[in-house]
Protein chains: 2
Amino acid sequence: MSIYVVGHQNPDTDSICAAVTLANLKQELGEDVEAIRCGKVNAETEFILDKFNIEAPKLVEKLNKGDEVFLVDHNEASQAIAGLEEAELTGVVDHHRIGGLETSGPIYFRNETVGCTSTIITKMYKENNVEITDEMAGLLLSAILSDTVIFRSPTCTEEDKEIANELASQLGLDVEEYGKELFKAGSVVNVLSAKELVTNDYKEYEFAGDTIGVGQIEIMSLDEVNDDKKGEILNAIDEIVEEKGYKFLLLMVTDIIEEGSLLLYNPEAKDIIAEAFDVEVEETEVYLDGVLSRKKQIIPVLSDYLA
Amino acid sequence: MSIYVVGHQNPDTDSICAAVTLANLKQELGEDVEAIRCGKVNAETEFILDKFNIEAPKLVEKLNKGDEVFLVDHNEASQAIAGLEEAELTGVVDHHRIGGLETSGPIYFRNETVGCTSTIITKMYKENNVEITDEMAGLLLSAILSDTVIFRSPTCTEEDKEIANELASQLGLDVEEYGKELFKAGSVVNVLSAKELVTNDYKEYEFAGDTIGVGQIEIMSLDEVNDDKKGEILNAIDEIVEEKGYKFLLLMVTDIIEEGSLLLYNPEAKDIIAEAFDVEVEETEVYLDGVLSRKKQIIPVLSDYLA
């Protein structure tokens, strides 16, 4: 029977892409392996698999006695597929802390301090002189952009960048543009309903007897919120304001790349926001450049103005 | 302060050579590292360091808070230098089972299923395009020959052989010949006294009211026991026979490469051995080809003859 290659529970893009690409590399090297997953494919990963025309790996929820397994993107038993203790562990490729794993005999165990498992797998293709097909290059690139938040994560290294840039150049893709496309596909905006977006990370405040609500979502690009979505969010805001008897409700749509927030609000907030922040505003929105923190940049200003 | 590179407690040749060569590689790559050891250099390793004109790494018995350390040839805390839990672990290169190590953050951890850590380090020189000096090639080759018992250990892989052969060819050394030289230098014959050689692995037997003794040592080549040493051993045998009132005493000097045993004994045993084994014997020695096991090949024959 094939050796399973599998990422962690609640797989993210790297866990799926690393499993698929490492299985591909090992197959090219003549090994009998099969990529599997132990959880649901998320929206971002689904977009990537569709784009590069690769089927999601088979779902296996639990290993059985006698199964052989190779872990990617994790090395802690607590994060691994159920039944690991029954199976025979044959190897690990990862980029996390070392988490107390024990084996009875020697195994291949490769952990590097890079931003993404797929960076290491790209190196393994090179070390073994195996050509990386465009499909596999697509998965590897996507995983690196996902794990490093398009090179912005503090865990991102020069090696991640170099390798991602090489892969992007093979595919003729612009790293920044494709990265944003990928994050947009996996964005909360596409996963949550308008009402859930408003209330997902949400707080109420009392100022001089009035109650207001401030929600926040973080996204990679304001493009993720198109006019239709904006309309739905504003409707949800109106509903909640009426239901709760708020003075007003703000949703901070924070662009973590551009480092600014689009505020969406019910029309009653328009003048308050214009005066409190001393800015020109639209009827139900305003973009505040440099504003990222509800706690430090929004609430104190409203508190001062409303007090 | 430099990062220490260190092998396990009671260091063998691989633990010393891997520390020295990995430190050399890292220095060539511009890292501030220093090879250390946490125990005595054994006779084999001393021979190797002398031969390639390399000083033994500094002895450090315990790490202090704030020390940074990189482990080679082991990954289990219980086998590591004292004070490891106080220090900051920055990496591991090894070829053993995974032994439950935990770190707070990601580290470099490379474990491969090869016969010797120095095989992996040779690969690392190549991966980083760093030239291997003759001195370093000598240490790497020696460690591989030592750990794999000149390619005879079941843990030895094709990769160990290929790499050792490349290193030997760089140095103009014959692998078999140099390997035996190395094992001879580290042989028990050079480490133990004549009396200790006889009694190191020793058993008494009773046959029809007579007591006999049979000792065994395992060596890589009978050349390790020269005529002087043989004389010393025979004197030790005579002394013990007299002291204990034995009928006779045999020492099996087993050549694990040639797969045979030289028996050394007091003259009283001569006829018994000749008749029991049906061979022609010298006054105090005989070589028995194919005889390796005291339990299966010596004791049953003597038991039958003496009963």
Side-chain angles (χ1 to χ4, degrees), chain A residues 3 14 29-31 68-80 84-85 88-117 119-120 122-129 147-148 153-160, chain B residues 3 14 29-31 68-80 84-85 88-117 119-120 122-129 147-148 153-160:
Chain A
I3 297 175
D14 192 28
L29 293 170
E31 294 179 45
E68 289 180 85
V69 66
F70 196 112
L71 306 182
V72 291
D73 197 31
H74 67 305
N75 74 77
E76 303 195 34
S78 64
Q79 299 167 0
L84 179 67
E85 64 290 350
E88 191 191 337
L89 178 61
T90 68
V92 173
V93 177
D94 190 20
H95 68 128
H96 293 94
R97 80 169 192 120
I98 308 300
L101 193 74
E102 277 192 59
T103 62
S104 53
I107 63 165
Y108 183 87
F109 191 117
R110 179 169 181 168
N111 197 78
E112 297 190 20
T113 54
V114 291
C116 179
T117 311
T119 298
I120 308 169
T122 310
K123 289 167 70 179
M124 293 170 73
Y125 270 98
K126 292 179 181 199
E127 289 162 11
N128 288 286
N129 294 310
D147 254 23
T148 66
S153 161
T155 60
C156 183
T157 66
E158 281 310 309
E159 206 167 23
D160 295 299
Chain B
I3 297 175
D14 192 27
L29 293 171
E31 294 179 45
E68 289 181 87
V69 66
F70 196 112
L71 306 183
V72 291
D73 196 32
H74 68 304
N75 73 77
E76 303 194 33
S78 63
Q79 298 167 1
L84 179 67
E85 65 289 349
E88 191 191 335
L89 178 61
T90 68
V92 174
V93 177
D94 190 19
H95 68 127
H96 292 95
R97 78 170 194 118
I98 308 301
L101 193 75
E102 277 192 60
T103 62
S104 53
I107 63 165
Y108 184 87
F109 191 118
R110 179 168 181 171
N111 197 78
E112 298 190 18
T113 54
V114 291
C116 179
T117 311
T119 298
I120 307 168
T122 310
K123 289 166 69 178
M124 292 170 74
Y125 270 98
K126 292 179 181 200
E127 288 162 11
N128 287 286
N129 294 311
D147 255 23
T148 66
S153 161
T155 60
C156 183
T157 66
E158 282 309 309
E159 207 167 23
D160 296 300

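Below, chain A is the first sequence line, B the second, and so on; all start at residue 1.
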- List in chain and number order the residues that pass salt bridge (charged side-chain N to carboxylate O under 4.0 Å, His left out) with B/E112, two or more places apart in sequence or in another chain; answer none if no residue qualifies.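 Partners of B/E112 under the salt bridge (charged side-chain N to carboxylate O under 4.0 Å, His left out) test: B/R110, B/K123.
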- Just jot down the salt bridge (charged side-chain N to carboxylate O under 4.0 Å, His left out) partners of B/E88, sequence neighbours excluded, or say none.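 Once residues adjacent in sequence are excluded, B/E88 has no partner under the salt bridge (charged side-chain N to carboxylate O under 4.0 Å, His left out) criterion.
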- For chain A, find which of B/G99, B/G100, B/G91, B/S104 contributes the most heavy-atom pairs closer than 4.5 angstrom.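 Most heavy-atom pairs within the cutoff with chain A belong to B/G100.
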- Message: Let's test your reading of the structure: which of B/L89, B/T113, B/L101, B/D94 forms the most heavy-atom pairs below 4.5 Å with chain A?
- Response: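 The candidate making the most pairs under 4.5 Å is B/L101.
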- Message: Tell me the closest heavy-atom pair linking B/H95 and A/P106, and the distance in Å.
- Response: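 In this case the closest contact between B/H95 and A/P106 is O-CB, 3.7 Å.
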- Query: When rounded to the nearest 0.5 angstrom, what is the spacing between NE2 in A/H96 and CD1 in B/I107?
  - Reply: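 Atom-to-atom, A/H96:NE2 and B/I107:CD1 are 14.0 Å apart.
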- Find the distance between CD (B/E127) and NZ (A/K126) and round it off to the nearest 0.5 Å.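 Reported value, rounded in 0.5 Å steps: 13.0 Å.
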- Query: So which of B/V92, B/N75, B/I98 actually passes side-chain contact (heavy atoms from CB on, under 4.5 Å) with A/F109?
  - Reply: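 Of all the options given, the one that passes is B/I98.
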